[in-house]
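Below, read A as the first sequence line, B as the second, and so on, with proteins coming before strands; counting in each chain starts at 1.
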Amino acid sequence: MYPTQKKCLTFQELFLSLHQFWANQGCIIHQSYDNEVGAGTFHPATFLRALGPEPWKAAYVQASRRPTDGRYGENPNRLQHYYQYQVLLKPAPDNIQDLYLQSLSSFGLSLTDHDIRFVQDDWESPTLGAWGLGWEVRLDGMEVTQFTYFQEIGGIALDPTSVEITYGLERVAMYLQEVDNVYDLAWTDDVTYRDVHHEGEVQFSDHNFNAANVDALKEAFNRSEEEGRALISKNLPLPAYDHCIKSSHFFNLLDARGAISVTERTGYIARVRGLARACAAGYVKKREEAGFPLLKK
Amino acid sequence: MNETSPTTPPTQHKTDRYSLLIEIGVEEIPSNVIAPSLEQLLALSKKHLSAANLSFSDAQVYGTPRRMILFIPELDAMQETVTEVIVGPPERAAVDASGAPTAAAKGFAASQGVALSDIQVSSAESLGSAAKGKKGNYLVVHQLKAGKTTASLLTTMIPEIFAQLSFPRSMRWNETGVAFIRPIRSILALYKNEIIPFSFAGVSSGNRSYGHHITAPDAFEVTDFEMYKDTLAQRFVIIDPEERARKIESQMQDLAKEKNAVLDLTDTALLWDAAHTVEYPKAICGNFETPFLAIPKEIIITAMAEHQGYIPLYKPSGELLPHFITTLNIDAKNLSIIQKGNERVLRARLVDAQFYFDEDRKKKLSELVNPLQRVTFQEKLGTVHEKVSRLTTLAIFIAKAIDCSESEILEIERAAHLCKADLVSGVVREFTSLQGTMGRIYAGLDGEGPAVATAIEEHYLPRFSGGPLPTHLHGQVLAIADKLDTLTGCFGVDLIPTGSEDPYALRRQGLGLIQILLSKPVFRPLSLAAAILEAIHQYESQDKFSGSTLLQPLSRFLKQRMDAHLQSEGIRYDLREAVLFGEIDHPADLFDRACALAEFSKAPLFSPLMTAFKRAIRILPEGFEGKVDSLLLNDPAEKRLYETLVSVQKRVITLWTDQNLVGVLECLATLFEPLNHFFDAVMVMDKNETLRQNRLGLLFEIQQQFEPFGDFSKIVDEE
């Protein structure tokens, strides 16, 4: 099928190829953040590091959670827990589009055999007070990557501008392995995605939609917000940001439980955003006090 | 200080002309931004060149997602040489008593670098603007001022043009801080086939361009436009969007022919959108499994069109075929890989759609009405379920007001009950644009009558400003009720549109409401005020708010929508103001009066009639009311006016009854001549109180004839 590939790439070979490729471009290979996040953008290695004048290059796999996307392991395309491969480059290199295309070649995709398209996508995260312009990249019609030039994060305009590249790992792998069901993905030659994650999808779907305790979640949301605010006032933006991430996750769970009305939604989102802004401002201040150490490297 | 002024050059031969070629290489521009950006590039370039006094011909723009191109085959090589008249000191200060030149004259000559003999004397008047406000004779020098070369002008002009391009949403990407639609990565700038040197957004201009990003990314040197265009075509870039659109269309038609299928390209936006997303179009046909055709075709078409932009194929008989067309940006060796990829994407979407449809069909549409209790319509206005209950009563009220039959009323009631139920269906939650459509389909499958099913879909119309209106009676009644309910509710909780803020699209809904009321004569008997009061009553009976003060602001809002509608029909603002003066209880009557007035306003008598009429009402004291007593009339002019009035009064009654509104106006126009004569011959404000009151009474009665039509004092007479 693919003349340039000897055999199908396993799921782990896919992100190992990407690690190698972006390491070669000078990225530090970071690790998944140890808090529940909705996307790789929430990782401090993106959200915070994109702020301020210091250069930064990082790549990592981020396990991401979208509680409302749970389908009890029955839908071939939707997961409440999935993986993003996240790259953040600051400043954005002039040849970044070419680098991205090369990264596709790195796992054996022959560019001239496919229809690769950059389709307009104005990215916005009301929760993070962030926006950027760019594209979703489609491979033969399938969206495989979000490609965004960040313009603002936590309400702060970015200078220099960062570029964020987010690969949907399962999508890419499904394409490469020609499978129509995510659970059929070969993680290795012997172990499938089903073996690793199916039971989790079943249990967490039940948790997200039925079992999670709404009152406890509401309380947890309030406490996280409170704690985050308190830590900001103690000039501890990094731990404060952890609470911002937590509050966002509690909100997502409440949303999945159907415990938030349309009008309440806006209020919740505004509260997370308020905290995110405070963390962003606190982080930049700290870095400035430290003399922006990475500028000297 | 000397003053200068360019004058038209004496005898100047035309300068040589050369071609200008500019290409801005950009990362993928959003497809809907390309055409407007190219228009801007063209307009700005013409403006700047003209401002620099450079003439040119046949300026053209081209573009792809990755480049914006300006080509001008002939552009002046230089600004024209102009003679500048430099005005020096006055003659009296330039010559001393002995007739010798003074220091002032010598200084002037020296400052201009000419001999004293080159200096002339001219009168201030003959110098025009160069010696504005001066009198007498002055020393002058005629200096030839050479124009600048176009090549040198372009080095600053082109970056200025780039900087002035504006976009719906711009971004920054490097340290220059320049904002543009997407990052600029290359600039080709040639005049006379030589590089115009400048730098913009950190990119230096040059003579290089690049082929297709994936299949021919290498740079090549450009010598001229023909070579540029041809080389790009070889390197998989067709620069002309029209050529790409034509190519896509013919490729699509060929593919359709192969499948014995037909395409629906009535929406040309599909074609243009495809043309604006590729540099090198290649349409291919993909397939999906036939069993999916069991899903209603509306769902399949939406699943294909939304997000993916796939174009459906039909049998000549109109049935959907299990194929789709998509346009690629590459003509790969093995297109089947790409085809399979796209088929896989569509299959995933169709599997989803099938799942939701099957789930939905496990229940009847009517079973989805109760779950609407969990759907918020608006925080303060309660649930959609409550809305359904209100709009059902309102729809019945409207149906009765327009004399619907018992069976029609029952059908309307049923349709109202079901019209929002599909909001909780799986398909609509997945494809929100199918709201109403799924309701119609599910109602049909449940065995509801066609009138009920159609009304469910139609009640959302118009879906966008200027979109199609409902065409069936049941759908029209339901659409009116739904819109009135939303408008009343939003006004009741102070969600009134201000400026550009209109989150609930109340303006569109108001305009839609007016347009539906105007679309069929059957709605003529409906009193809008009565319907609004009923809508208010519904909210009050649900304890949502007290609406005692709402009728007036709602009427005013609908009057503004009526005004917008009349404006879109091309009716002049003063005529609109005249007919909108009164209540808007029966929009169709108001609309007829506006049209009659607009038609009559083209008649030669219109303007003088208005002048005479306004003269008459200006004389009437504020709040004056009175009658004319024919026995008190003594002047022949007033007697004649009175007789005409009596005859007008008789005739207009029939004309109003016959709805011959232009006839009414023509009839009123017969008052013009006697009215004018009256003003010429008679003093209205006579010293005699009785006579004065009687004449005012006569004018008042005339004014009364005009009043049912509108407030004619708003009309601007242009004579």
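- Within 6.0 Å of NZ in B:K333 there are 12 or fewer heavy atoms belonging to other residues, nucleotides or ligands.
- The part of A:R78 that comes within reach of chain B is its side chain, from C-beta onward, which places non-hydrogen atoms under 4.5 angstrom from that chain.
- Heavy-atom distances place the side chain of A:N75, and not its backbone, under 4.5 Å from chain B.
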Mind running side chain to side chain contact (heavy atoms under 4.5 Å, CB included) on B:M171 and A:F150 for me, showing each step along the way?
CA-CA 9 Å; B:M171 55 165 284; A:F150 281 152; over 6 Å; no
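- B:R169 and A:Q120 share no donor-acceptor pair across their side chains, judged by distance under 3.5 Å alone.
- When heavy atoms are compared at a cutoff of 4.5 Å, B:R172 approaches chain A by way of both its backbone and its side chain.
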Stepwise side chain to side chain contact (heavy atoms under 4.5 Å, CB included) test for A:Q97 and B:R185:
CA-CA 10 Å; A:Q97 266 196 332; B:R185 297 304 182 196; over 6 Å; no
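- Between B:R182 and A:F118, every side-chain heavy-atom pair lies at or beyond the 4.5 Å cut-off.
- For B:H307, the parts lying near chain A are the backbone and the side chain together; criterion is any non-hydrogen pair under 4.5 Å.
- Test A:L139, A:D140, A:D113, A:I116 against B:I338 for side chain to side chain contact (heavy atoms under 4.5 Å, CB included) and you get one pass: A:D140.
- Comment: B:R344 engages A:E178 in a salt bridge, judged by a side-chain N to carboxylate O separation of less than 4.0 angstrom.
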Between B:I214 and A:T112, is a side chain to side chain contact (heavy atoms under 4.5 Å, CB included) present by the stated rule, with each step listed?
CA-CA 6 Å; B:I214 306 273; A:T112 51; 4.3 Å; yes
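- Taking 4.5 Å as the limit, some side-chain heavy atom of A:Y149 sits within range of a side-chain heavy atom of B:E27.
- The most heavy-atom pairs under 4.5 Å with chain B, out of A:G134, A:A92, A:G258, A:A157, come from A:G134.
- Proximity to chain A is absent for every atom of B:T326, based on heavy atoms less than 4.5 angstrom apart.
- There is no contact between A:P53 and chain B, counting heavy-atom distances below 4.5 Å.
- For B:Y310, the part sitting under 4.5 Å from any heavy atom of chain A is the side chain, from C-beta outward, and nothing else.
- Here the OG-CG distance, from A:S110 to B:N334, works out to 10.5 Å after rounding to the nearest 0.5 Å.
- Residue B:T327 touches chain A through its backbone alone, counting heavy-atom pairs closer than 4.5 Å.
- Of the inter-residue distances, the one linking B:T277 atom OG1 with A:R117 atom CZ reads 4.5 Å to the nearest 0.5 angstrom.
- With B:V345 as reference, A:M142 is the one residue of A:R171, A:E143, A:M142 to meet the side chain to side chain contact (heavy atoms under 4.5 Å, CB included) rule.
- With a 4.5 Å cut-off on non-hydrogen atoms, B:R349 does not touch chain A at all.
- For the pair B:E175 and A:K90, the salt-bridge criterion is not met [side-chain N within less than 4.0 Å of a carboxylate O].
- With a threshold of 4.5 angstrom between heavy atoms, A:D94 approaches chain B through its backbone and through its side chain.
- Ion pairing between a basic and an acidic side chain is recognised when a charged N comes within 4.0 Å of a carboxylate O; B:K282 and A:D115 show no such pairing.
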Show your working on side chain to side chain contact (heavy atoms under 4.5 Å, CB included) between A:H114 and B:I330 and close with a plain yes or no.
CA-CA 8 Å; A:H114 297 278; B:I330 194 167; over 6 Å; no
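- Within the 4.5 angstrom heavy-atom criterion, only side-chain atoms of A:L101, from C-beta onward, approach chain B.
- Looking at A:L158, neither its backbone nor its side chain comes within 4.5 Å of chain B, counting heavy atoms on both sides.
- Chain B forms more heavy-atom pairs under 4.5 Å with one residue of A:N181, A:D180, A:I96, A:D121 than with any other, namely A:D180.
- At distances below 3.5 Å, not a single donor-acceptor pair connects side-chain atoms of B:W173 with backbone N or O atoms of A:T161.
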